[in-house]
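Report on the structure given below.
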Amino acid sequence: MTTIAYRWGVMAADSRAMVGGWKASYGSDKLHRLPDGTVAGVVGEYASAVRFVVWLQSGEAGDNPGLSEASVIRMLKDGSLIIYEENGAFPVRTEFGAWGSGSPAANAAMYMGADAAKAIEIAALLDDSTGGKVITMKCEV
């Protein structure tokens, strides 16, 4: 899986790729820039989440591909989030949050004052499915 964290207008993600429960020799992009300058992070079943992000990048042209065993967390320019899941979408306003397999550790780190990137680093210490380089993005104005 993966871990996505959000705090103070920054979204962070690990880059570990897993194949059949094994660590892959390559990484994967889990943060994606959308045409409007917002950022989408993906957790869960990667192919499903990326299909959904491509649909968002197209301006939601055509049929919604849906999400299967995945979530997309979209950070908006005003600091709010939209969480897209299999059964729909909902808005969230929060100081911080984390999603994915390492979310308990990442949330605990942020409760103790860590920023989003440090929260991912701490999650990687405890969650085998979180690792690799930490990537961060902010919304473009």
Side-chain angles (χ1 to χ4, degrees), residues 1-140:
M1 202 163 173
T2 194
T3 306
I4 300 289
Y6 165 80
R7 186 168 210 176
W8 299 321
V10 175
M11 189 173 283
D14 72 303
S15 57
R16 172 157 292 154
M18 302 288 288
V19 178
W22 291 80
K23 297 174 188 174
S25 61
Y26 52 86
S28 60
D29 295 329
K30 299 171 184 177
L31 298 182
H32 303 268
R33 174 88 49 212
L34 301 180
D36 65 357
T38 62
V39 176
V42 301
V43 297
E45 205 283 308
Y46 190 72
S48 174
V50 170
R51 268 192 309 275
F52 191 86
V53 168
V54 168
W55 177 72
L56 289 174
Q57 289 172 327
S58 76
E60 301 177 25
D63 293 335
N64 179 335
L67 288 163
S68 177
E69 298 182 34
S71 298
V72 173
I73 299 89
R74 185 174 185 180
M75 177 176 58
L76 303 179
K77 293 178 183 181
D78 67 0
S80 65
L81 306 169
I82 299 174
I83 312 298
Y84 300 92
E85 295 182 337
E86 189 170 351
N87 295 320
F90 56 95
V92 173
R93 283 203 166 274
T94 185
E95 179 185 338
F96 62 84
W99 298 265
S101 58
S103 64
N107 272 316
M110 289 186 288
Y111 269 110
M112 298 304 297
D115 64 19
K118 188 66 171 177
I120 299 296
E121 291 174 14
I122 291 169
L125 296 172
L126 300 167
D127 174 37
D128 286 341
S129 294
T130 300
K133 184 177 178 183
V134 176
I135 308 298
T136 62
M137 281 191 181
K138 293 181 177 184
C139 289
E140 293 178 343

With Ala108 via side chain to side chain contact (heavy atoms under 4.5 Å, CB included) - residues at least two apart: none

Partner residues of Arg51 under the salt bridge (charged side-chain N to carboxylate O under 4.0 Å, His left out) criterion, sequence neighbours left out: none

Nearest non-hydrogen partners of Ala5 and Ala119, listed with the distance: CB-CB, 4.3 Å

Residue list, side chain to side chain contact (heavy atoms under 4.5 Å, CB included) with Glu86, at least two apart or on another chain: none

Of all pairs that satisfy salt bridge (charged side-chain N to carboxylate O under 4.0 Å, His left out), the ones with a partner from residues 10-25, not counting sequence neighbours: Asp14-Lys30

Glu140 side chain vs Pro35 backbone, donor-acceptor pair below 3.5 Å: no

Sequence neighbours excluded, every pair satisfying salt bridge (charged side-chain N to carboxylate O under 4.0 Å, His left out) that has a member inside residues 66-78: Asp36-Arg74, Asp78-Arg93

Indicate every side-chain donor-acceptor pair of residues 121-132 with a distance under 3.5 Å to a residue at least two apart or in another chain.
residue: Glu121; atom: OE1; partner: Lys118; partner atom: NZ; Å: 3.4
residue: Asp127; atom: OD1; partner: Ser129; partner atom: N; Å: 3.4
residue: Asp127; atom: OD2; partner: Ser101; partner atom: OG; Å: 2.6
residue: Asp127; atom: OD2; partner: Gly102; partner atom: N; Å: 3.2
residue: Asp127; atom: OD2; partner: Thr130; partner atom: N; Å: 3.4
residue: Asp127; atom: OD2; partner: Thr130; partner atom: OG1; Å: 2.6
residue: Thr130; atom: OG1; partner: Thr3; partner atom: OG1; Å: 2.6

Side chain to side chain contact (heavy atoms under 4.5 Å, CB included) between Asn64 and Glu60, worked out: CA-CA 7 Å; Asn64 179 335; Glu60 301 177 25; over 6 Å; no

Stepwise side chain to side chain contact (heavy atoms under 4.5 Å, CB included) test for Val42 and Thr2: CA-CA 8 Å; Val42 301; Thr2 194; over 6 Å; no

Contacts of type salt bridge (charged side-chain N to carboxylate O under 4.0 Å, His left out), residue Glu95, not counting sequence neighbours: Arg7

Interatomic spacing from CD1 in Ile120 to OG1 in Thr136 - rounded to 0.5 Å: 10.5 Å

Trp99 side chain near Ser71 side chain, heavy-atom distance below 4.5 Å: no

Under the side chain to side chain contact (heavy atoms under 4.5 Å, CB included) test, residues paired with Ser68 that sit two or more places apart: Ser48

Set of residues satisfying ring pair (Phe, Tyr, Trp, His ring centres under 6.0 Å) with respect to Phe96, sequence neighbours excluded: Tyr111

Val39 vs Arg33 side-chain heavy atoms within contact, under 4.5 Å: yes

Residue pairs involving residues 51-73 (criterion ring pair (Phe, Tyr, Trp, His ring centres under 6.0 Å); sequence neighbours excluded): Phe52-Trp55, Phe52-Tyr84

Test item: Tyr6 side-chain N/O and Gly79 main-chain N/O as donor-acceptor pair under 3.5 Å: yes

Interatomic spacing from NE2 in His32 to CG in Leu34 - rounded to 0.5 Å: 9.0 Å

Leu31 vs Ile4 side-chain heavy atoms within contact, under 4.5 Å: yes

Straight-line distance of Leu56 CG to Thr38 OG1, nearest 0.5 Å: 8.0 Å

Partner residues of Val92 under the side chain to side chain contact (heavy atoms under 4.5 Å, CB included) criterion, sequence neighbours left out: Leu81, Ile83, Phe90, Thr94

Which residues share a salt bridge (charged side-chain N to carboxylate O under 4.0 Å, His left out) with Glu45, sequence neighbours left out: none

Where Ala49 and Leu67 come nearest, the two heavy atoms and their spacing: CA-CD2, 3.8 Å

Approximate separation, where rounding is to 0.5 Å, of Cys139 SG and Met11 CE: 7.5 Å

